[in-house]
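The figures here come from the full heavy-atom set of this structure, side chains too, leaving out hydrogens, waters and symmetry mates. To find a chain, count down the sequence lines: A is the first, B the second, and so on, and within it residues start at 1.
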Amino acid sequence: MKPKQAANSAAYEAILRAGPRLNQLQQAHAHLIVTGHGHTRSLLTKLITFACSAKALAYAHLIFLSVPLPDDFLFNTVIKSTSKSRFPLDCLAYYRRMLSSSDVSPSNYTFTSVIKSCADLSAVGVGKGVHCHAVVTGFGFDSYVQAALVAFYAKCGDVGVARKVFDEMPVKSVVAWNSLVSGLEQNGLGEEAIRVFYQMRDSGLEPDSATFVSVLAACAQTGGIGLGSWVHRYIVDKGFEMNVKLGTALVNLYSRCGDVGKARGVFDEMEETNVAAWTAMISAYGTHGCGKQAVDLFNKMEDEGGPVPNDVTFVAVLSACAHGGLVEEGRSVYKRMSKRYGLVPRVEHHVCMVDMLGRAGFLDEAYRFIHQLDATGKASSPALWTAMLGACKMHRSYDLGVEIAKRLIALEPENPGHHVMLSNIYALSGKTDEVSHVRDRMIKNNLRKQVGYSVIEVEKKTYLFSMGDESHPETREIYRYLETLMSRCKEIGYAPVSEEVMHQVEEEEKEYALRYHSEKLAVAFGLLKTVDVAITVVKNLRICEDCHSAFKYISIVSNRQIIVRDKLRFHHFQNGSCSCLDYW
DNA sequence: GTAGGGTTAG
């Protein structure tokens, strides 16, 4: 071996030894310069790769500038490293620089990384431009580029185009399928994601762990415990490696399908955990109303050297405190967030605090909390006032509620929720004239309430019900059964919550003689079709007061446990009471 | 000679 190559290889070894650690890299760099390799492109390229991994972007850029004539390989390296290390803006900057350099041109390697960065930025316009460029330069049908494009369009919310790119792929890789499944799931189209998963299997491809992570997320979204637990068994039976993401997806699955105990079982069996896994489990307790367990687990994570909590963890703990009425714990956790972990509370955390104080009846303190934020220059978000408004309604503080609702309507006139709240508060305080005003204005401005629906799974099939639904083939039996159930409930004390209050703004529904909410239909159907087991219903909106009261009685007369997941949390009805203790 | 796409928690 020639002396120069030997030195070169020794230098290369030194860089490898340094790894992605800034200090060591700088030492290796100094050594390169001293030994006369300060301008050797291959060595500098390796150095830059590690510098990017060490998140030392400025340093990486400095080295980049010292390379006399960057070649395609170097450009692709920095573009890939920046997109992988989540520096999407820097990635785009290098891409621009590459385009303006005369001796280099982008390839399929370049496009995959650049498109990923556009996806991370949700930069629709830029991404479409890159897509065009890829097509023009002949890389539009590269299978890697196309897989990245599917993910890009899905992440930008354009599922239609994602689908189109996917459909046009001559060869559909497992990764391309995964991109589509996850893209659909992330856009809230869980059912469709599951259909695509079945198509993937039919096409003869073997799903991998990424497929399962997305499918489990889709099952968690739709409440599809049948497929979800099948996937769980499949993973175990096939000896799939149970990685931390799969484990977390399973914790989330069981939690969101109503079985917090099974979620904990999976969590305890996980060999490796990280902050996401702990957060998922804390959040599981929180949404099931087990505030104490959520806080205990958080404390355990702190005391027993678990992973360092992040801002997402704090949302989970604080919302658990809010739903569990744990005000003291919540205050202490909120303080620790910045004091011990140096995290700056964001709007989400502020909302949790207002929610927690407001629910617990500390309206003044909640109000002061918002004003303090205002005073410190943090523009108060509508979400804060919405939380405050909920508290006003809950604690019958009507004057303040009206004031806040009006303010919210001024801020977000298109949001039907604010109008509904205003109307409900007027109704509760007996101001019928005002109720009609609000209702008229909603009709005039064509503001509609969100359509509520409930889903229940029976023997691995899912059934969807909407208000006053009569589309189900067994509609008559369901309604008849519901009638008998309700009259038995009335015998033991159930009194329907005043129609006046509940349905003030629901104009067209008054035409129905029977206008059972979707969750009642789903519960009746579940009780009718199963024997002796708990039934689980998933609703897209919050459960209403009347259904909440009815289910307590139904749990007695049917002698069953009824689990309802609403938009925010779980309700476990059993023997006449609910796990939320009417605090939701 | 060196390199590639997707996937988790509120």
Side-chain angles (χ1 to χ4, degrees), chain A residues 5 8-9 12 15-16 41-46 48-49 71-81 83-84 107-117 119-120 139 142-152 154-155 162 166 169 172-183 185-186 193 207-218 220 243-253 255-256 263 267 270 272-284 286-287 294 307 309-320 322-323 346-349 351-352 568-569:
Chain A
Q5 271 181 334
N8 195 332
S9 135
Y12 192 76
I15 298 171
L16 285 186
R41 199 161 54 200
S42 60
L43 294 176
L44 293 177
T45 301
K46 193 69 199 168
I48 290 171
T49 313
D71 59 354
D72 299 66
F73 185 81
L74 177 52
F75 268 109
N76 286 338
T77 298
V78 287
I79 285 173
K80 186 196 69 187
S81 309
S83 82
K84 279 198 105 170
S107 67
N108 46 352
Y109 293 88
T110 324
F111 289 121
T112 47
S113 298
V114 175
I115 291 164
K116 176 178 158 47
S117 288
D120 288 342
F139 296 106
D142 178 276
S143 113
Y144 289 92
V145 173
Q146 284 181 315
L149 283 168
V150 172
F152 161 72
K155 278 190 185 155
F166 178 81
M169 288 183 74
K172 296 168 170 56
S173 62
V174 171
V175 175
W177 282 98
N178 290 351
S179 297
L180 187 59
V181 174
S182 116
E185 185 273 314
Q186 288 182 342
D208 64 8
S209 73
T211 322
F212 288 132
V213 167
S214 295
V215 171
L216 288 170
N243 63 35
V244 61
K245 286 181 183 176
L246 266 175
T248 305
L250 284 167
V251 169
N252 188 42
L253 169 82
S255 160
R256 302 247 290 152
F267 178 75
M270 285 174 72
E272 182 201 347
T273 57
N274 62 11
V275 63
W278 284 75
T279 303
M281 195 59 231
I282 291 170
S283 160
T287 52
N310 62 19
D311 55 338
V312 185
T313 317
F314 279 99
V315 175
V317 187
L318 291 172
S319 84
H323 286 278
R346 289 183 293 118
V347 180
E348 292 91 325
H349 305 101
V351 170
C352 287
L568 281 186
R569 61 170 298 160

Touch class at under 4.0 angstrom, heavy-atom based, for A:D142 against every strand present: base
Partners meeting side-chain hydrogen bond (donor to acceptor under 3.5 Å, both in side chains) with A:N252 (sequence neighbours left out): none
Touch class at under 4.0 angstrom, heavy-atom based, for A:N310 against every strand present: base
Sugar-phosphate only, base, or nothing, as touched by A:V145 at under 4.0 Å among non-hydrogen atoms: nothing
Sugar-phosphate only, base, or nothing, as touched by A:K116 at under 4.0 Å among non-hydrogen atoms: sugar-phosphate
Nucleotides bounding contact with chain A, strand DNA chain B, heavy-atom threshold 4.0 Å: B:dG1 to B:dG10
Sugar-phosphate only, base, or nothing, as touched by A:S143 at under 4.0 Å among non-hydrogen atoms: base
Sugar-phosphate only, base, or nothing, as touched by A:R41 at under 4.0 Å among non-hydrogen atoms: nothing
With sequence neighbours excluded, residues passing side-chain hydrogen bond (donor to acceptor under 3.5 Å, both in side chains) with A:S283: none
By side-chain hydrogen bond (donor to acceptor under 3.5 Å, both in side chains) - contacts of A:W177 (at least two apart): none
Touch class at under 4.0 angstrom, heavy-atom based, for A:T77 against every strand present: nothing
All salt bridge (charged side-chain N to carboxylate O under 4.0 Å, His left out) counterparts of A:K116, not counting sequence neighbours: A:D120
Set of side-chain hydrogen bond (donor to acceptor under 3.5 Å, both in side chains) partners for A:T273, sequence neighbours left out: A:W278
Sugar-phosphate only, base, or nothing, as touched by A:S113 at under 4.0 Å among non-hydrogen atoms: nothing
Between A:T313 and A:T279: side-chain donor-acceptor atoms closer than 3.5 Å: yes
Sugar-phosphate, base or nothing in reach of A:Q186, heavy atoms under 4.0 Å: sugar-phosphate
